[in-house]
There are 2 protein chains.
Amino acid sequence: MDRVKMADVAREAGVSAMTVSRVINGKGYVSDETRRRVLRVIERLGYRPSGIARGLATRRTGTIGLVVPDVANPFFADVARGVEESAYAEGYNVFLCNTDEDPQRELAALGSLEERQVDGLILCSSRLTEDELHKVVARHTSFVLVNRRLVGARTHSVLLDDEAAGRLATQHLLRIGRRAVGLVAGPETSHSGQLRAKGYRAALAADGLPYYPEWVRPCAPTASGGRQATLELLSNHPELTGLVCYNDLVAVGALQAAKDRGCQVPADLAIVGHDDIPLAALVTPALTTCRMPRYELGTRAVGLLLEQLDSSAEPSAEIVLSPELVVRASAPGPPETEP
Amino acid sequence: MDRVKMADVAREAGVSAMTVSRVINGKGYVSDETRRRVLRVIERLGYRPSGIARGLATRRTGTIGLVVPDVANPFFADVARGVEESAYAEGYNVFLCNTDEDPQRELAALGSLEERQVDGLILCSSRLTEDELHKVVARHTSFVLVNRRLVGARTHSVLLDDEAAGRLATQHLLRIGRRAVGLVAGPETSHSGQLRAKGYRAALAADGLPYYPEWVRPCAPTASGGRQATLELLSNHPELTGLVCYNDLVAVGALQAAKDRGCQVPADLAIVGHDDIPLAALVTPALTTCRMPRYELGTRAVGLLLEQLDSSAEPSAEIVLSPELVVRASAPGPPETEP
DNA sequence: TATAATCCTGTTAGCGCTAACGGAAACGTA
DNA sequence: TACGTTTCCGTTAGCGCTAACAGGATTATA
């Protein structure tokens with residue numbers, strides 16, 4: 001039992017395949033009577049056009065490739081959701097490739113998507129070297145980087161202002177009177193982590209406070225990484241009254257470490273995370289955190305990509321999305337002051 | 001600048017396009033010398049075959065469609081990861097469609113995937129009616145249902161034993177001496193929820209305990225739904241010493257409700273969740289839960305799908321995956337007994 | 001040496017659709 | 001009425017690859 005082809009519909013409707021194509025694509029001219037006749041046959045035969053054949057003829061597949069390091073990470077899941085819903089609304093389908101944080105997997109996925117002739121590519125938090133990334137970008141006319149910049153390339157990017165996030169988190173602690181504020185910094189190789197640390201230092205300087213490197217600890221980007229780094233920090237520096245954490249997962253580890261040491265949160269130690277993943281609101285005490293608009297990362301990336309598809313030789317564009325402080329029990333806001 | 005075609009490679013290598021195809025696909029006979037010459041030209045020109053053209057000629061696209069209700073839900077994210085990694089290992093790419101729990105979106109996604117001529121479809125936790133589902137299945141030769149059964153259809157399914165999960169969770173509480181065990185049941189329309197409730201009742205009966213309907217409360221499948229239902233249960237039935245919860249999110253809500261009422265967990269009230277999402281290990285106290293092998297749901301679904309693709313007219317197969325109890329602080333195990 | 005099988009390569013037709021163009025009829029305007 | 005424009009439909013060629021077959025050369029065996 002073969003699939004119904006346009007030629008089958010054409011024969012039954014007594015028109016050419018090209019007329020059927022015109023009806024389906026709403027192009028050119030078709031009389032109302034002819035259109036009705038064709039649509040009736042389409043309905044009766046249950047015809048569905050072949051996107052494959054269409055892609056070959058038009059050199060457009062109506063697909064977008066999205067490459068993410070780990071779809072089970074709530075951060076990337078939200079980006080994927082943003083991409084998928086925006087793309088779907090514009091009639092595109094998304095090929096999602098998960099690379100398990102492996103650059104080799106990433107290169108393979110990109111190659112595979114090229115063979116499938118996706119109309120454009122969105123590459124999220126790439127783990128490739130700058131060299132590799134330049135080569136990849138050169139092969140595609142429509143490409144958007146998410147959460148990564150590439151200097152010297154005609155590439156669109158959607159970024160998060162990680163420096164502002166680090167500053168905002170630190171400022172909040174300073175504003176509620178915490179003067180001994182440490183940083184659980186995440187992986188030393190993390191570009192986001194470095195920018196958040198820069199924001200931390202900038203907030204201290206803006207308040208005229210000294211920066212103590214011994215109050216800063218790198219860690220794995222996991223709850224247990226955060227727990228361990230916090231235990232070490234608190235045991236060497238019991239004077240700390242606040243902690244800025246690389247992300248919410250690390251902050252949950254810090255909560256656990258505080259409990260391990262009989263430290264009350266927020267009374268003895270106030271804690272601030274980053275990202276506002278769903279977990280942040282569900283732990284006790286709920287986390288104060290810098291919310292990063294992940295879903296919007298996805299939707300804006302699609303926006304940029306579609307602009308590229310609709311026009312040619314655009315100069316590269318860069319969108320930077322700003323964080324927003326979400327105040328919860330782990331670091332409550334300052335007391336209300338009378339106006 | 002046009003993409004390099006097989007014909008370009010053929011011209012430079014001084015062979016026909018068909019020989020290039022043979023080299024690329026490792027089919028038929030090609031002399032070593034010719035193969036080397038062709039591969040050199042492929043490398044030099046940076047040729048990548050068109051998967052689109054190949055799909056049209058071979059009627060195989062090397063793609064699998066996966067439809068999930070919410071990719072940001074950790075349950076489905078893990079299924080997606082399992083599918084993607086298994087498929088990738090077999091040389092397939094996955095089209096992931098997110099339906100936002102909307103049956104109309106689901107039907108649209110399925111139609112779209114049909115046009116793209118995916119080689120097979122995996123439909124996860126479908127929200128379609130039985131009628132609708134029958135119609136969808138009839139259009140595809142290769143189809144796998146995940147976490148849903150369809151009676152009267154030649155369809156493969158991969159299922160979770162939700163009844164066993166409910167039984168296991170309840171048995172654990174009974175084993176640690178909790179005789180007044182309630183159930184926060186999740187949505188009344190949830191098939192999984194109904195099976196877990198059945199398992200709860202079976203475990204009570206197996207211990208010769210009476211079933212009290214007033215100890216059972218439906219709720220939304222969210223933390224706040226769980227919190228509210230638990231508050232109501234505890235206020236009407238302060239005699240309860242244990243709670244089985246529909247899933248981990250609902251169980252976190254129950255933790256919050258217990259704290260609201262000054263109830264110590266597990267001393268006054270032991271709590272068990274379902275699914276073992278990452279959150280379960282990160283809250284305090286960490287949740288005892290029934291771990292459902294979501295990643296394996298995905299990998300087994302791909303396995304079944306590939307079997308279908310490799311042979312014809314297979315009878316329908318059904319795989320049922322079993323839960324596993326993960327004991328944590330919210331409901332610790334029984335004290336060790338001397339052998 | 002004759003025959004059959006294997007190796008190697010090229011040619012042909014087709015997968016299912018669409019861009020581009022052409023021809024005819026109908027319509028609008030001067 | 002003549003001319004230009006619009007509407008309507010069909011034909012042609014092609015998108016980039018591959019299944020199937022054919023023809024010639026080489027190898028193995030009786």
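Source: prediction; values computed, not measured. Each chain gets a letter, A, B and so on, in the order the sequences are listed, and its residues count up from 1.
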Return the 5'-most residue of the pair A/Ser21, B/Ala53 with respect to DNA chain C, ranking by each residue's nearest nucleotide. B/Ala53

Looking at C/dC15, I'd like to know if its phosphate oxygens (OP1 or OP2) sit under 4.0 Å from a side-chain N or O belonging to A/Ser50. no

Given that A/Leu56 and B/Ala17 both sit by DNA chain C, which one's nearest nucleotide is further toward the 5' end? B/Ala17

Of B/Arg54 and A/Asp32, whose nearest nucleotide on DNA chain D comes first from the 5' end? A/Asp32

Output the rounded distance in Å from CZ (A/Arg11) to C1' (D/dC9). 18 Å

Once you apply a heavy-atom cut-off of 4.0 Å, does B/Arg22 come out as touching a base, just sugar-phosphate, or nothing? base

What contact category does B/Thr58 fall into here, base, sugar-phosphate, or nothing, at under 4.0 angstrom with non-hydrogen atoms? sugar-phosphate

Integer-rounded Å distance: D/dT7 C1' and A/Lys27 NZ: 18 Å

From CD of B/Glu33 over to P of D/dT26, roughly how many Å is that when rounded to an integer? 14 Å

At less than 4.0 Å, is any side-chain N or O atom of A/Ser31 found next to OP1 or OP2 of D/dT7? Yes or no. no

Could you check how far NZ of A/Lys5 sits from C1' of C/dT18, rounded to whole Å? 17 Å

Within the pair B/Tyr29 and C/dG10, is there a side-chain N or O less than 4.0 Å away from OP1 or OP2? no

Side chains of A/Thr63 and A/Asn93, donor plus acceptor under 3.5 Å: no

Does B/Thr34 have a side-chain nitrogen or oxygen under 4.0 Å from the phosphate oxygens OP1 or OP2 of C/dC8? no

Any donor-acceptor pair under 3.5 Å linking the side-chain atoms of B/Ser50 with those of A/Gln117? yes

Let me know the distance between CD of B/Glu114 and P of C/dG16, rounded to the nearest Å. 14 Å

Can the positive tip of B/Arg105 be found less than 6.0 Å from the middle of the six-membered ring of A/Tyr88, inside 45° of the ring normal? yes

Measure from the side-chain heavy atoms of A/Ala57 and tell me the nearest of C/dC17, D/dG16, D/dG10. C/dC17

Presence of B/Ser16 side-chain N/O under 4.0 Å of C/dT9 phosphate oxygens OP1/OP2: no

Any side-chain heavy-atom pair of B/Lys135 and B/Glu132 under 4.5 Å: no

Within less than 4.0 Å of OP1 or OP2 of C/dG16, is there a side-chain N or O belonging to B/Arg59? yes

Protein-nucleotide distance (B/Gln117, atom CD; D/dC17, atom P), rounded to Å: 18 Å

Any donor-acceptor pair under 3.5 Å linking the side-chain atoms of B/Gln308 with those of B/Thr141? no

Atom CE of B/Met18 to atom C1' of D/dC21: distance rounded to whole Å? 11 Å

Mind calculating the distance between CD1 (B/Ile52) and P (D/dC15) to the nearest angstrom? 16 Å

